[in-house]
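One structure is given here, and the rest of the page talks about it.
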Amino acid sequence: MQQIPGWLSTALIGAVIAALGYVSKLAIESALQWRAARTARRAQLVHLLSLLLATRKAFIIQNALARRLCDEITRAHPELDGSYDNVLAHGYPSLDDRQKLEHGVIRNYTSNCLYPLNLQIIDWLSKDDYFKGGGRQQQAKELSVRLQTLFAHLVLWRAKYEFWIPSRPERAIVYMADEDAHGISFPTGIEDLISRVADDMIGSPGEAASWEGPVRSSTASAGE
């Protein structure tokens, strides 16, 4: 059996080393690209969460003010009944100066807080082509459904707002799933779900997160 000439053996070893180095370089670049893409997606998700949390805080404050003013109105006018929206609107002509100021604050929270926040969330959802598409794991599928419900809810909210608020000074709030049933409910608990998914996206390519499942070379597409 003939021996491989020394010069050829050296060349082969060099070629193998070069190939291994190239493969390692590709693996490192792929891992860095994966991490960068994942970090960017997580940042987008955290931004959505911040908008939703701000909206929830604003809604809670507004709802407390609306409930308090509605209680005052119905005590003075027991014949007025129904949703907070209708009580505020029908009671508006009889409000005293202090109550009108409070009505104005409630209305302004709708126009200058909830409305711009909801528009930003609609814009985020319109641009998202990843999270709304779902994934392999149950948590990913659940988030996809919640995001699609949120999008529908906010599109309807915006439509009602544009009809309900600008030219009707007696109207102060925009509710979708109250007694008047003008739309669909806000997907309760979506903030906690987004927080869990964002936490789950912290890791390395070797860690199979519940959002993405096994690491793969291609990206999965996809008020109240």
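The first residue in the sequence is number 1, and the count goes up from there.
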Salt bridge (charged side-chain N to carboxylate O under 4.0 Å, His left out) evaluation trace for K127 with D123
CA-CA 6 Å; K127 293 176 179 177; D123 182 63; 3.2 Å; yes

Would you compute the distance between atom [atom1] of [X] and atom [atom2] of [Y] and round it to the nearest 0.5 angstrom?
X: L117; Y: K57; atom1: CG; atom2: NZ; value: 14.0 Å
X: L52; Y: F186; atom1: CG; atom2: CZ; value: 5.0 Å
X: R56; Y: I61; atom1: CZ; atom2: CD1; value: 12.0 Å

Main-chain N/O of [Y] paired to [X] side chain as donor or acceptor, under 3.5 Å:
X: Q99; Y: L69; answer: no
X: S111; Y: N108; answer: no
X: W157; Y: Y175; answer: no
X: R146; Y: T188; answer: yes
X: K132; Y: L125; answer: yes
X: T74; Y: C70; answer: yes
X: R158; Y: I122; answer: no
X: R171; Y: I165; answer: no

Taking every non-hydrogen atom, the tightest pair across [X] and [Y]:
X: S94; Y: H77; result: OG-NE2, 3.1 Å
X: L65; Y: E102; result: O-OE2, 3.7 Å
X: P93; Y: A89; result: CD-O, 3.8 Å
X: T110; Y: Q62; result: OG1-NE2, 2.6 Å
X: H103; Y: P169; result: CE1-O, 3.3 Å
X: T149; Y: I184; result: O-CD1, 3.8 Å

I want to check a possible cation-pi pair here: R107 against Y92, using under 6.0 Å from ring centre and within 45° of the ring axis as the test.
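Pair R107/Y92 does not count as cation-pi.
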
In the structure I gave you, are the side-chain heavy atoms of [X] and [Y] within less than 4.5 Å of one another anywhere?
X: V155; Y: F151; result: yes
X: N86; Y: L80; result: no
X: W164; Y: I173; result: no
X: W124; Y: F131; result: yes
X: H90; Y: E170; result: no
X: D81; Y: V87; result: no

Do other residues, nucleotides or ligands put more than 12 heavy atoms under 6.0 Å from the CG atom of D97?
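Counting neighbours around CG of D97, 12 or fewer heavy atoms of other residues, nucleotides or ligands fall under 6.0 Å, so no.
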
Please say whether more than 12 non-hydrogen atoms of neighbouring residues, nucleotides or ligands are located less than 6.0 Å from OH in Y161.
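Yes, enclosed.
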
Is there a donor-acceptor contact under 3.5 Å linking the side chains of S195 and E191?
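No, because no side-chain N or O of S195 sits under 3.5 Å from a partner of the opposite role on E191.
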
Are side-chain N/O atoms of S185 and H153 paired as donor and acceptor at under 3.5 Å?
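No, H153 and S185 have no side-chain donor paired with an acceptor closer than 3.5 Å.
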
Salt-bridge test for R196 and D200: reply yes if a basic N is under 4.0 Å from a carboxylate O, no otherwise.
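A salt bridge is absent here (no side-chain N lies under 4.0 Å from a carboxylate O).
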
Please step through side chain to side chain contact (heavy atoms under 4.5 Å, CB included) for the pair F163 and H182, ending with a clear verdict.
CA-CA 12 Å; F163 174 76; H182 286 161; over 6 Å; no

